[in-house]
Amino acid sequence: MASSLLLQNGRIIDPANDTDQRGDMLILDGRIAPEGAPVPENVQVVDATGCWIVPGLIDMHVHLREPGEEYKEDIVSGTRAAAAGGFTAVACMPNTRPVNDSLAITRLILARAEQGFARVYPVGAVSKGSRGESLAEFGEMKEAGVVAVSDDGVPVRDSRLMRRALEYAGDFGLPVISHSEELSLAGDGSMNEGAVSTRLGLRGVPTAAEAIMVYREIALAEFTGRPVHIAHVSTAMATELIRSAKARGVAVTAETTPHYFTLTDEAVVGYNTNAKMNPPLRSETDRQAIRRGLADGTFDAVATDHAPHSVLEKEVEFDQAANGIIGLETSVPLSLALVRDGVIEPRRFVELLSTNPARILRVRGGSLAPGSPADVTLIDPELTFDYTPESVVSKSRNSPFLGWSLQGRAVLTLVDGRAMFDLTGRAV
Ligand code: DOR
Ligand code: ZN
């Protein structure tokens with residue numbers, strides 16, 4: 001283990017400390033050394049020329065499938081994929097089997113994570129079994145280590161239960177993460193409702209199914225004064241609702257994903273089940289609105305909604321296929337494309353993938369302040385690579401980006417100063 005490491009001549013970008021400058025970063029005993037600290041003689045040197053040195057990336061929305069569906073992913077394989085994608089921490093959703101609605105499952109996840117390659121922050125369920133009937137025990141889950149609550153995968157249908165969840169979770173300082181979907185409107189749709197669904201003869205989910213529920217969450221957050229976080233926003237309508245709620249001071253935060261700002265429902269053509277997720281890929285108008293929301297601060301975070309599934313769930317008829325795609329290993333290059341396209345600045349990239357997720361979840365990280373644990377990601381924004389089935393680190397292969405040539409990737413992922421992923425070959 002490298003006891004000390006010197007990242008030399010990189011571009012240090014750390015919005016939490018208002019830093020964007022060329023320089024060296026010294027890591028001593030797993031922590032970020034103060035400026036001017038003496039460099040030990042035996043220091044391992046990593047040449048960071050041309051690279052960005054950023055606070056470890058945090059993916060606030062992933063599915064690790066353990067316990068219960070380890071053939072799709074487990075905590076070790078999922079965090080290995082996270083580290084390979086530049087993430088030093090992930091927050092994992094509770095829709096495992098059984099659902100994480102308890103102290104026992106939270107503890108199990110955290111125990112398994114000790115063998116993992118990234119920090120794991122469990123999210124507990126809002127309702128017991130995520131069945132939407134009665135609230136889970138937020139107090140005991142918080143004690144065991146959950147950082148938020150969510151019934152992700154399904155919406156909290158009952159508005160009164162959602163109100164109680166916001167009030168009760170607020171008392172424990174836990175954010176509520178909303179999977180916003182009005183189920184009666186979504187019906188049995190399997191893709192976005194629009195010209196493409198008509199052409200393909202598939203039943204559609206209208207954009208209003210998302211917007212209606214986003215508005216309910218905003219109304220409840222405004223009414224209760226408690227914060228709500230909107231997961232995986234896919235539509236122009238929801239983006240506008242969040243923008244205007246923020247403008248009047250409602251405690252709402254929101255994330256979107258690389259697939260919503262990169263793809264449209266055209267990716268479904270050919271009945272491609274690797275382009276099927278919930279909410280579905282939308283129109284070009286929606287995609288452009290999401291990109292504007294990333295640029296103007298409407299969105300706080302980019303999360304992946306990494307949702308591994310095996311061929312058993314994906315190599316079936318389109319309307320039978322499971323929802324979800326893997327995302328941990330493609331988030332950095334797809335998000336860097338926003339920088340190359342002039343949509344966002346490098347600083348904003350770091351805010352969206354590190355600073356803000358840490359702030360929303362109130363977890364450590366998201367900062368390169370001297371003395372803090374050395375959770376650091378080194379990114380080469382120019383490096384190109386082919387994303388192929390053979391190269392995937394996750395246990396699952398359900399990605400619409402397979403076969404793409406991607407630009408920009410993490411070359412070194414450090415957790416507590418230890419290399420969890422290393423393409424430089426220098427940080428061992
Ligand atoms: O596409 C999705 N996959 N959306 C969800 O809400 C759940 C997720 C999963 O668990 O596979
Ligand atoms: Zn999810």
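For this chain, numbers begin at 1 and follow the sequence in order. Atoms within a ligand are numbered from 1 in the order they appear, just like the ligands themselves.
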Any chance you could measure R364, atom CZ, to I58, atom CD1, to the nearest 0.5 Å?
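Here the interatomic distance stands at 10.5 Å.
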
With heavy atoms of H63 as the reference, note each atom of ligand 1 found under 4.0 Å away.
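Those of ligand 1 that fall under 4.0 Å from H63 are 8 (C), 10 (O).
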
Hey, is there an N, O or S on H232 sitting under 2.8 Å from the Zn ion (ligand 2)?
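Looking at H232, which is the residue asked about, there is no N, O or S atom under 2.8 Å from the Zn ion (ligand 2).
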
Flag H61 as yes if one of its N/O/S atoms falls below 2.8 Å of the Zn ion (ligand 2), otherwise no.
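Yes - counting backbone and side chain alike, H61 has an N, O or S atom under 2.8 Å.
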
May I ask you to decide whether [X] forms a salt bridge with [Y], counting only side-chain N to carboxylate O separations under 4.0 Å?
{"X": "R11", "Y": "D20", "result": "yes"}
{"X": "E266", "Y": "R199", "result": "yes"}
{"X": "D416", "Y": "R119", "result": "yes"}

Please find the N/O/S atom of D152 nearest to the Zn ion (ligand 2) and write down its name.
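Looking at D152, the N, O or S atom with the least distance to the Zn ion (ligand 2) is OD2.
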
Shortest-distance N, O or S atom of D305 relative to the Zn ion (ligand 2)
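Closest to the Zn ion (ligand 2) among those atoms: OD1.
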
Non-hydrogen atom of H309 closer than 4.0 Å to ligand 1:
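Under 4.0 Å: yes for H309.
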
State whether the side chain of [X] and the backbone N or O of [Y] hold a donor-acceptor pair below 3.5 Å, judged by distance alone.
{"X": "T79", "Y": "I75", "value": "yes"}
{"X": "R287", "Y": "F261", "value": "yes"}
{"X": "T264", "Y": "E284", "value": "no"}

Closest protein heavy atom (residue, atom, distance) for [atom]:
{"atom": "atom 7 (C) of ligand 1", "answer": "G153 CA, 3.9 Å"}
{"atom": "atom 3 (N) of ligand 1", "answer": "N323 O, 3.2 Å"}
{"atom": "atom 4 (N) of ligand 1", "answer": "N278 O, 2.8 Å"}
{"atom": "atom 10 (O) of ligand 1", "answer": "N95 ND2, 2.8 Å"}
{"atom": "atom 6 (O) of ligand 1", "answer": "H179 CE1, 3.1 Å"}

Here's a test for you: under side chain to side chain contact (heavy atoms under 4.5 Å, CB included), which of I379, V376, L378, L368 qualifies with V54?
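Of the listed options, the one satisfying the test is I379.
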
Given E181, M277, R65, identify the one with the heavy atom nearest to atom 9 (C) of ligand 1.
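Among E181, M277, R65, the closest heavy atom to atom 9 (C) of ligand 1 belongs to R65.
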
Polar side chain donor-acceptor pair, E193 to S197, under 3.5 angstrom:
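Absent: no donor and acceptor within the cut-off.
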
With heavy atoms under 4.0 Å as the rule, classify the contact between I325 and ligand 1 as side chain, backbone, both or neither.
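No part of I325 is near ligand 1 at this cut-off.
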
